[in-house]
*Asks:* 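Below is one structure. I have some questions about it.
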Amino acid sequence: MDSSLPFFSFVSFLIISATLLFTATADTIKVSLSPSHHHHSSSSDPYQILNNLATSSVARAHHLKHHNPKTNITSSFLKTPLFSHGYGGYTVSLSFGTPPQTLSFIMDTGSSLSWFPCTSRYLCSQCAFPNVDPSKILTFSPNLSSSGKLVGCRNPKCNWLFGPNVESRCQDCDDPTSKNCNQTCPPYLIQYGLGSTGGLLLLENLVFPPHKTFQDFLVGCSIVSNRQPAGIVGFGRSPESLPSQLHLNKFSYCLVSRRFDDTKVSSNMLLETGSGSNDTKIPGLGYTPFYKNPNPAFHEFYYVTIGKILVGNKQVKVPSSTFVPGPDGNGGTIIDSGSTFTFMERPVFELVSKEFEKQMGNYSRAREVENISGLAPCFNVSGHRLMDVPEMSFYFNGGAKMGLPLANYFSIVGDDNVVCLMIVTDKGVSEGARGGPAIILGNFQQQNYYIEFDLANNRFGFAKRNCI
């Protein structure tokens, strides 16, 4: 774990918080916790920002690839705006509690638990990203809400994170299976590549003004975090995710262009509730089926099948076995809004990047920019009036084609003289880095696409849109 707190101290800190510092009544939670904040200087160097995002994308890929899981009525729509941020994510505003408290959450299709920074003494270490002051992160105040309560050890929702045998961990009860056992669900500790968070589970009201409230929504009250400058709302496929708890038929979004900074420009995210399962396809969208990985460790992710990758008119000779997980679950492609840059395992990445190098042979490599940005290949386009860059396309099972706009896979880096491929891979080639999804389609490649997760019909839809 990449943290300023040793792992043992981090876990011990949570256990002490759970056993000594939390008090509860039937209606409210009172928290008394006094960690100190650490402020770290941030960099506005564009090369460093890109290097941080590239490094974070690779680290997140390692985390996802070695995932260790916890074990005819009219529909209605809920709408919330999406904003992009310099630290790599897109956020939505959600309201919890009674009266509601509104906070920003990173929208993440690669994880399932939703959590918010909790209490006025919340600690976020190594969180001094551009435009983020760790000492001023907005937090949820449990003692100001009349609807929140700690999750009991015997509550079935505790099982969502800790499995059916969690009752055996109710050490403070003479009979852990007794209805009179009031011990709380154990503290959680979740890792996100380079970052992590930990705290206690709550049941709270999730409020969509003016008229929609979901009671007893399972949410994490995080006491400490590392490199996580905002809470996360989990849109994965596990029971604790927002789509699962709200029984969504579908959700969709359109990501505005990323500028590697915080912006006030936003687009809408739509959540479709209700028990209907309308099979109508939206005109103009390409669709491809979701499928479950054969390995339960990866059931949380949204898998799709890529049939082929084209650079220009040339099909990249990626082995077909890469596109479909084997019996061990390794291989395949997932859609992950929490990753910034698309990740490809090195054998796939090398085939793709070499095809770009071959077709862009009239440009010289910008090796120095590659070294400081963490991106490659980069090309010097100085002296060229027009950039001649081949199109990059993904063809999915079912015939849907995602022909990426140039801005979704190449970007100017530093000044107007260098462009880089915005796809990342592992630096090494060790077998230990293999496993899990071979391709992770990140949010940079999803810019200016209407993206639809049709859960009722188990399919992924997309089409180019101007999301601004």
Side-chain angles (χ1 to χ4, degrees), residues 75-96 100-116 138 206-214 217 219 229-238 240-259 262-274 276 278 282 284-285 287 290 300-302 304 334-340 408 441-457 459-468:
S75 298
S76 60
F77 289 90
L78 303 172
K79 185 168 67 174
T80 185
L82 278 168
F83 295 86
S84 82
H85 292 270
Y87 46 76
Y90 287 80
T91 63
V92 296
S93 292
L94 297 175
S95 299
F96 284 91
Q101 302 174 45
T102 302
L103 300 170
S104 292
F105 297 79
I106 298 172
M107 186 268 296
D108 185 10
T109 62
S111 67
S112 292
L113 179 68
S114 300
W115 62 268
F116 39 56
L138 192 62
L206 171 57
V207 182
F208 291 90
H211 303 303
K212 196 75 172 178
T213 297
F214 295 90
F217 185 92
V219 62
I232 287 178
V233 54
F235 275 81
R237 309 194 79 168
S238 295
E240 68 271 21
S241 73
L242 184 144
S244 296
Q245 292 196 66
L246 270 55
H247 304 290
L248 297 184
N249 288 329
K250 70 172 64 172
F251 64 91
S252 59
Y253 54 76
C254 196
L255 303 183
V256 298
S257 297
R258 174 167 295 291
R259 298 174 178 84
D262 288 15
T263 176
K264 294 183 179 180
V265 177
S266 67
S267 57
N268 287 322
M269 182 175 195
L270 297 176
L271 313 176
E272 183 180 333
T273 64
N278 190 348
I282 296 178
L285 263 64
Y287 286 93
F290 288 128
E300 183 169 25
F301 304 145
Y302 293 97
V304 293
I334 67 170
I335 310 297
D336 180 34
S337 67
S339 293
T340 303
N408 283 31
L441 192 65
N443 63 53
F444 190 87
Q445 280 64 43
Q446 298 177 46
Q447 298 173 98
N448 287 312
Y449 270 88
Y450 174 83
I451 301 288
E452 179 183 275
F453 290 72
D454 187 344
L455 307 179
N457 297 294
R459 63 194 179 199
F460 177 69
F462 57 89
K464 290 181 184 178
R465 293 284 190 272
N466 185 354
C467 298
I468 297 178

*Asks:* Only counting residues at least two apart or in another chain, list the ones meeting ring pair (Phe, Tyr, Trp, His ring centres under 6.0 Å) with Tyr450.
*Replies:* none
*Asks:* On a heavy-atom basis, which atom in Glu240 and which in Gln245 lie closest, and how many Å separate them?
*Replies:* O-NE2, 2.8 Å
*Asks:* Which pair of heavy atoms, one from Ser252 and one from Glu452, lies closest together, and at what distance?
*Replies:* CB-CA, 4.0 Å
*Asks:* Considering only distance and modelled atom types, tabulate donor-acceptor pairs under 3.5 Å from the side chains of residues 459-467, sequence neighbours left out.
*Replies:*
residue : atom : partner : partner atom : Å
Arg459  : NE   : Asp454  : OD2          : 2.9
Arg459  : NH1  : Asp279  : OD1          : 3.0
Arg459  : NH2  : Asp279  : O            : 3.3
Arg459  : NH2  : Thr280  : O            : 3.4
Arg459  : NH2  : Asp454  : OD2          : 3.1
Lys464  : NZ   : Gly403  : O            : 2.9
Asn466  : OD1  : Ile468  : N            : 3.3

*Asks:* Rounded to the nearest 0.5 Å, how far does CD1 of Ile106 lie from OG1 of Thr91?
*Replies:* 7.5 Å
*Asks:* Before giving the answer on side-chain contact (heavy atoms from CB on, under 4.5 Å), spell out for Phe116 and Val219 the whole-Å C-alpha distance, their side-chain angles and the decisive distance to 0.1 Å.
*Replies:* CA-CA 8 Å; Phe116 39 56; Val219 62; 3.7 Å; yes
*Asks:* Search all heavy atoms of Thr102 against all heavy atoms of Ser93 and return the closest pair with its distance.
*Replies:* CG2-CB, 4.0 Å
*Asks:* Would you compute the distance between atom OG1 of Thr273 and atom CZ of Phe208 and round it to the nearest 0.5 angstrom?
*Replies:* 9.0 Å
*Asks:* How far apart are the C-alpha atoms of Leu455 and Glu272, what are their side-chain angles, what is the distance that settles it, and do they pass the side-chain contact (heavy atoms from CB on, under 4.5 Å) test?
*Replies:* CA-CA 10 Å; Leu455 307 179; Glu272 183 180 333; over 6 Å; no
*Asks:* Pick out which of Val233, Asp108, Leu94 makes a side chain to side chain contact (heavy atoms under 4.5 Å, CB included) with Ser114.
*Replies:* Val233
*Asks:* Would you find a donor on one side and an acceptor on the other, under 3.5 Å apart, between the side chain of Asn249 and the backbone of Ala456?
*Replies:* no
*Asks:* Tell me whether Ser111 contacts the main-chain N or O of Gly234 through its side chain, where contact means a donor paired with an acceptor under 3.5 Å.
*Replies:* no
*Asks:* Quick check: do Met269 and Tyr90 have side-chain heavy atoms less than 4.5 Å from each other?
*Replies:* no
*Asks:* Which heavy atom of Asn408 sits nearest to which heavy atom of Phe444, and what is that distance?
*Replies:* O-CD2, 3.4 Å
*Asks:* How long is the span from the OH atom in Tyr449 to the SG atom in Cys254, to the nearest 0.5 Å?
*Replies:* 11.0 Å
*Asks:* Out of curiosity, Leu441 CG to Ile451 CD1, how far, rounded to the nearest 0.5 Å?
*Replies:* 7.5 Å
*Asks:* With a 3.5 Å distance limit and no angle check, can you tell me whether Gln447 reaches the backbone of Leu255 through a side-chain donor-acceptor pair?
*Replies:* no
*Asks:* Would you give the length of the straight line joining atom CG of Leu206 to atom OG of Ser95, rounded to the nearest 0.5 angstrom?
*Replies:* 8.0 Å
*Asks:* What verdict does the ring pair (Phe, Tyr, Trp, His ring centres under 6.0 Å) test give for Phe235 and Tyr253, after you've listed the backbone C-alpha separation in whole Å, the side-chain angles of each residue and the deciding distance to 0.1 Å?
*Replies:* CA-CA 12 Å; Phe235 275 81; Tyr253 54 76; 8.2 Å; no
*Asks:* Which class fits the ring pair Phe251 and Phe453: parallel under 30°, tilted 30 to 60°, perpendicular over 60°?
*Replies:* parallel
*Asks:* Nearest 0.5 Å, what's the OH-CD1 distance between Tyr302 and Ile335?
*Replies:* 11.0 Å
*Asks:* Which residues pass the side chain to side chain contact (heavy atoms under 4.5 Å, CB included) test with Ser241, not counting sequence neighbours?
*Replies:* Ser112, Pro243, Ser244
*Asks:* What I'd like to find out is whether the side chain of Leu271 reaches to under 4.5 Å of the side chain of Leu242, using heavy atoms alone.
*Replies:* yes
